[in-house]
There are 2 protein chains.
Amino acid sequence: MPSRSASGTGNALTIFMNKKNPAHAPAVDRALDVIELLAASERELSLSEILAMLDIPRQSLIRILNTLCDRGIVDRAQQRGYYRPGMKLLHLGNSIQDKIKLRSVARPYMQELAQETHKTIELSTLDRDQLVLIEQIEGTEGVRLYTRIGSAYPYLHAVAVGKIYLAHMDEEKRHKVLEKIGLPAVTEYTIVDMKELEEDLSRVRENGYAFEDQELRKGVRRVVAPIYDYRNDLAGCIGIAATVFSFELKDRERFGQMVKETAARISSGMGKKK
Amino acid sequence: MPSRSASGTGNALTIFMNKKNPAHAPAVDRALDVIELLAASERELSLSEILAMLDIPRQSLIRILNTLCDRGIVDRAQQRGYYRPGMKLLHLGNSIQDKIKLRSVARPYMQELAQETHKTIELSTLDRDQLVLIEQIEGTEGVRLYTRIGSAYPYLHAVAVGKIYLAHMDEEKRHKVLEKIGLPAVTEYTIVDMKELEEDLSRVRENGYAFEDQELRKGVRRVVAPIYDYRNDLAGCIGIAATVFSFELKDRERFGQMVKETAARISSGMGKKK
DNA sequence: CGATAAAATACCATATAAGATATTTAAGTA
DNA sequence: TACTTAAATATCTTATATGGTATTTTATCG
């Protein structure tokens, strides 16, 4: 995944909804800025660093940090004046009911698939027009192919998971979504032609799985299959990802069948009726 | 775990630090109240329900909800006027660096232990005087012994993990901590006598693992061993938990050795030098 | 150990966000 | 289609949280 969204937290539309929404609570917006900043940062940040990056008046920032620290959202680090994300976030993050259900149902199957293939196994879903990685089991290759759990990604056309979702939308919705983001070339392999994409989507529907060949990141391939819930709604996707060295083109169909098979079993686990 | 803390989010001290801290940002406190309320609730909540539970003026609440929704922290549900935790929380929850490191290092070993024992395997740590469950692999018994990942628990004396931490503290700190919370009887088996507890802690130091016999919940036993990081600091604990039916007293030593063994390997993975 | 720099606390005037009131929109029901 | 209920938006005044400025605390370094 390209570094520009690697920080992950970024909603693609954040750029547009610039500040100062009259129907907002400004202090809360600021607090969220602080939290996201700390979450995105690899290391702990000092008061003055935060101050420099966010243009919040010193006194207000201190008040916000006090609040967040007392609530466990943010932690004061060893060194006085340094801050980092707090454990409470872990707890809150684990309260997203339905996604968590998918995760717990899927995990054992993912584990199995990982042991069979020795590849990276990914569980993803769509949330507010963004693809989100819910769970991941890293393969033996040691390459981290995706960003961290929870990161969102807006370019549906460049990812196998996105193709699954696009293939499931009715035409109207699909066009609306694609118009909003366009078909930017993430790599030189990304599909940037609408007709070509539609053809690919037909193939997805035919095969029952989606294939992604270095379209998101050079050197990385993926196959992904849809998971359905008890009402036969698309609940998420499970996929196999690997570098071109261990995932050759001839493996495509074989891996495709494997994810399909696994996805079907997870769907059963989610209560899908046959 | 008794239901009073099952909602989990509750810092044991929340009761005391009642509202209106002058050094706080009130709007942020309110927003956090909303988030925690939604996170603790099983189902989606309507505006008026939140209103009733939190005594925030209607207009202010709407502003806060608007902010949280636009930021992805909260989601508007299908039904207009209903709210639930948003996916952004998942992402933020996965940004707690060091804990996440422990988790990713430990996971494969936990998996192994789970396959060997068919019991529930738990990874926990101490954070701000509270025990926190970081990761869990549910055993075949299907009984959920602990609350969800991220929940915090203050009664160190009633849990094997807590005993590990108590055993590692110097006397002064230990007394301070225990005084603060006391030795309340969580079940009829909970150790409520100081001398008895100290004896148990000595045993923990001797054995290298802690044992918990229905002290937190009737019918449940645990063995837990400490994990150390590269500076030989206590980084967390791994444990086996099961009901008395599948975890008999005669299994204690055998399971104890197993967690010790696994904990040692995780410690190596965390960079502990021998 | 004294000097320096940064964080945390304290105080207070004022800009501003909060909250009461009223209006519009939406959903559910008869 | 009209009726009912609740949510969302809009408007405006005042209380209040904000953000200056100054002070105290804490840590670091020569």
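Naming convention: chains lettered A, B, ... in sequence-line order (proteins, then strands); numbering from 1 in each chain. Both backbone and side-chain heavy atoms feed into the values below; hydrogens, waters and symmetry mates do not.
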Between A:S41 (side chain only) and A:L38 (backbone N and O only), is there a donor and an acceptor less than 3.5 Å apart? no
B:Y83 side chain N/O closer than 4.0 Å to the phosphate oxygens (OP1, OP2) of D:dA8? yes
A:Y82 OH to D:dA27 P, in whole Å, measures 14 Å
What is the distance from CD of B:E44 to P of D:dA6, rounded to the nearest Å? 18 Å
To the nearest 0.5 Å, tell me how far B:T125 OG1 sits from B:R103 CZ. 12.5 Å
Roughly, in whole Å, what's the span from CZ in A:R76 to P in D:dA27? 13 Å
Tell me: CD1 of A:I62 to P of D:dG20, nearest whole Å? 13 Å
Spacing between B:L65 atom CG and D:dA6 atom C1', to the nearest angstrom: 14 Å
Which part of the nucleic acid, if any, lies within contact of B:L47, taking any heavy atom under 4.0 Å across all strands shown: a base, the sugar-phosphate backbone alone, or nothing? sugar-phosphate
Which nucleotides of nucleotides 18-30 of chain C have their base under 4.0 Å from a protein heavy atom (B), which only their sugar-phosphate (S), and which neither (-), written as one string 5' to 3'? BBB----BSS---
Whole Å only: how far is the CG atom of B:D29 from the C1' atom of D:dA17? 13 Å
Whether the side chain of A:Y165 engages the backbone of A:L126 through a donor-acceptor N/O pair (distance < 3.5 Å, no angle test) should be reported. yes
When rounded to the nearest 0.5 angstrom, what distance separates OG1 in A:T67 from CG in B:L32? 7.5 Å
Can you check the B:I64 CD1 to D:dA8 C1' distance for me, whole Å? 16 Å
Do any side-chain nitrogens or oxygens of B:S46 fall under 4.0 Å of OP1 or OP2 in D:dA6? no
Distance in angstrom units between B:Q78 CD and D:dA7 P, rounded: 17 Å
Of B:R84, B:Q79, B:R76, which is the lone residue that meets side chain to side chain donor-acceptor pair (under 3.5 Å) with B:E44? B:R84
So, for B:L201 and B:R174, which heavy atoms are closest and what is the spacing to 0.1 Å? CD1-CD, 3.6 Å
Heavy-atom count check: over 12 atoms from other residues, nucleotides or ligands less than 6.0 Å from B:M53 CE? no
